[in-house]
Protein chains: 2
Amino acid sequence: MASAMGSLHLDLKDCGNCPIRHRAVCSRCEADELEVLEDIKYYRSYEAGQPILWSGDHMEFVASVVTGIATLSQTMEDGRTQMVGLLLPSDFIGRPGRDIAQFDVVAVSDVTLCCFRRRPFEDLMTRTPHIGQRLLEMTLDELDSAREWMTVLGRKTAREKIASLLLIVARRDASLRQKLPGDGMSFDLPLTREAMSDYLGLTLETVSRQMSALKKAGIIVLEGKRRVVIPDLEGLVAETGDDMDGGVIA
Amino acid sequence: MASAMGSLHLDLKDCGNCPIRHRAVCSRCEADELEVLEDIKYYRSYEAGQPILWSGDHMEFVASVVTGIATLSQTMEDGRTQMVGLLLPSDFIGRPGRDIAQFDVVAVSDVTLCCFRRRPFEDLMTRTPHIGQRLLEMTLDELDSAREWMTVLGRKTAREKIASLLLIVARRDASLRQKLPGDGMSFDLPLTREAMSDYLGLTLETVSRQMSALKKAGIIVLEGKRRVVIPDLEGLVAETGDDMDGGVIA
DNA sequence: GAGGCCATTTGATCCTGGTCAAAGTCGCGC
DNA sequence: GCGCGACTTTGACCAGGATCAAATGGCCTC
């Protein structure tokens, strides 16, 4: 269904050098467990814009995002779509025990996945508890963020939604480069206006208008097409509606 | 923080007779594992309307809902609230590895919980994989439904939202009494208009108006205050916006 | 540099659902 | 029975965001 490009230059074969070694589903594994994983893993690459999975597809593999960004979304028959998750490096795709995909997965940027055939992975999970434990932890975290996002979708105004999204991306970006978010920080916004609208339950026109409004209010500064500067982080937080917003995310 | 009533008449002490034995977090446990659980478990009861947990509370226990219904919700500083989950018998409250509650939990009807002190439960989980496996499975299911609900919140109209909620409650009710949902079925709607509005991201006035509209259109029939009759299930499904809606839920 | 493609911005207007307000219904205790 | 409180319904009006439409700007190819 999805076309694999299958190029991998680095010595990713060695899990010890893997960039997501400490955060992915395998992060708890010991050396011997990693060896087993190395035997059954393989890599796949997708170009920006390519579909990775369609809802209803048979899933022959589960995978970790190694590099790049993908979206998880649901589309209604009449075309309305809602993004239900943003998949970043170390996030997990698929679920043991289910072989039919429930949502669409699309590569937003170029994406590399570390894949495991589903059956061997499931077998492995019953034998090495570290994988299941880590997957449980990751799933609980995702459930918490999904629930927090429900409040954004159900109760926030357009402006608050935009501010919330910007803050999430800003914090994630800071955590990736191991810095604390602060005044003057900047980051790339990897999403088109349409993708943002799908995430926020808005139209792309409303997203554009609110971005302009936040720019005019001095809450954000846009550098070129993709780069966002936050001169005053507290100001942005205030725009999200929930103040004091739960502190920094790991 | 929450007041426990601590009354339990039935011989719930015996896990073998527990009404949620086959669906709860303990459903995979063998007899010997159940014995360990029985040693550390205790029951708590809450009356309709009572809070079970506040966001920010220290959680000294995790628990399974044995009987009754509770809501999981988030409240913004200015009072806007969003329900992020409905907790039904067999659903799990709390999470291993976290000691601060993230959401408010409130008993909607009288509720009985089967509680485990968190520490012993966590220890037990590392020793008996069956519990962790089942919890993972349940959490993955909840994540899927949370994501489906995001589409309801983000993209559906008020009328579609109401229809979606009614359909969910109808299906759950049918599955509880081990019947297939069908034309002419009826069920109790355990939620006030306000609770419905919190679930759907609407105001209670809009909920009331749309309920009236569905009644006028003959999609639903109201018997008394709480009872809903569905004369034509297909008609209700059509009102949800997603037709063919994924079949029956266990 | 011209042209075309795409994402984005901006404008004008409409409509769904929110807000504010008042009346209706039910159940309950006195 | 009466009155009270909680919940619900209904109405009038308003506004936030959607819709439809057009203009702008960047980037790529030729």
Side-chain angles (χ1 to χ4, degrees), chain A residues 47-49 71 76 78-82 106 108-109 151-166 188-217 220-228 239 241, chain B residues 47-50 71 76 78-82 106 108-109 152-166 188-217 220-228 239 241:
Chain A
E47 293 177 352
T71 62
M76 297 170 64
D78 61 5
R80 283 176 281 178
T81 84
Q82 174 66 50
V106 178
V108 168
S109 62
T151 302
V152 175
L153 289 174
R155 290 304 185 191
K156 289 196 176 179
T157 65
R159 177 187 266 240
E160 289 170 336
K161 287 180 175 182
I162 299 283
S164 301
L165 176 58
L166 291 174
D188 284 325
L189 190 64
L191 303 171
T192 65
R193 294 286 179 260
E194 187 179 25
M196 291 173 71
S197 74
D198 283 344
Y199 206 146
L200 297 167
L202 298 170
T203 59
L204 72 156
E205 293 95 329
T206 298
V207 171
S208 179
R209 272 185 253 274
Q210 297 297 338
M211 287 290 287
S212 300
L214 287 175
K215 187 172 65 179
K216 200 172 301 174
I220 59 174
V221 178
L222 299 181
E223 283 183 352
K225 195 43 78 76
R226 284 278 123 98
R227 195 141 197 91
V228 180
E239 294 291 342
Chain B
E47 294 178 350
Q50 278 190 322
T71 61
M76 297 170 62
D78 60 6
R80 284 177 280 178
T81 83
Q82 175 66 49
V106 178
V108 169
S109 62
V152 174
L153 289 174
R155 290 304 187 192
K156 288 195 177 181
T157 65
R159 177 186 265 241
E160 289 170 338
K161 286 180 175 180
I162 299 282
S164 301
L165 177 58
L166 290 174
D188 284 325
L189 192 63
L191 303 172
T192 65
R193 295 285 180 261
E194 187 179 27
M196 292 174 71
S197 75
D198 283 344
Y199 206 144
L200 297 166
L202 298 170
T203 60
L204 64 119
E205 293 96 328
T206 298
V207 171
S208 179
R209 273 185 253 275
Q210 296 297 337
M211 287 290 286
S212 300
L214 287 174
K215 187 171 64 178
K216 200 173 300 175
I220 60 175
V221 178
L222 300 181
E223 282 183 352
K225 194 46 70 88
R226 284 276 123 98
R227 194 139 199 93
V228 180
E239 295 290 342

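These values consider heavy atoms only, across backbone and side chains, with no hydrogens, waters or symmetry-generated copies. In what follows, chains carry the letters A, B, and so on, assigned in the order in which the sequence lines appear, proteins first and then strands, with residues in each chain numbered from 1.
- Within 4.0 Å (heavy atoms only), B:Gly201 reaches sugar-phosphate atoms of the nucleic acid but no base atom.
- Between the CD atom of B:Glu223 and the C1' atom of C:dT25 there is a distance of 18 Å, rounded to whole Å.
- B:Glu160 places no side-chain N or O within 3.5 Å of a backbone atom of B:Glu239 that could act as its donor or acceptor partner.
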Strictly under 3.5 Å: I want the nitrogen or oxygen pairs between protein and nucleotides 7-11 of chain D, one per line.
| unit_1 | atom_1 | unit_2 | atom_2 | d |
| --- | --- | --- | --- | --- |
| D:dT8 | OP1 | B:Arg226 | NH2 | 3.4 |
| D:dT8 | OP2 | B:Arg193 | N | 2.9 |
| D:dT9 | OP1 | B:Arg193 | NH2 | 3.2 |
| D:dT9 | OP2 | B:Arg193 | NE | 2.6 |
| D:dT9 | OP2 | B:Ser208 | OG | 2.7 |
| D:dT9 | O5' | B:Ser208 | OG | 3.2 |
| D:dT10 | OP2 | B:Ser212 | OG | 2.8 |
| D:dG11 | N7 | B:Arg209 | NH1 | 3.0 |
| D:dG11 | O6 | B:Arg209 | NH2 | 3.3 |

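- Note: CZ (A:Arg155) to C1' (C:dG18) measures 11 Å, nearest angstrom.
- Distance, A:Lys161 NZ to D:dG16 P: 14 Å, rounded to whole Å.
- What separates CG of A:Leu200 from P of D:dG16 is a distance of 18 Å, to the nearest Å.
- When distances run from any side-chain atom of B:Thr203 to the nucleotides D:dT19, C:dG18, C:dG17, the shortest one goes to C:dG18.
- The side-chain heavy atoms of B:Thr71 and B:Asp198, taken from C-beta on, include no pair separated by under 4.5 Å.
- For the pair A:Gln210 CD and C:dT9 C1', the computed distance is 13 Å after rounding to whole Å.
- Between A:Lys216 atom NZ and C:dT8 atom P there is a gap of 18 Å when expressed in whole angstrom units.
- Considering only heavy atoms from C-beta on, A:Leu166 comes within 4.5 Å of A:Leu189 through its side chain.
- Between the A:Arg155 side chain and the B:Leu202 main chain, a donor and an acceptor come within less than 3.5 Å of each other.
- A donor-acceptor pair under 3.5 Å links the side-chain atoms of A:Gln82 to the main chain of A:Tyr199, judged by distance alone.
- When atom types are taken as modelled, the side chain of B:Ser197 and the backbone of B:Glu194 share a donor-acceptor pair closer than 3.5 angstrom.
- Spacing between atom CZ of A:Arg80 and atom P of C:dT16 amounts to 13 Å, rounded to whole angstrom units.
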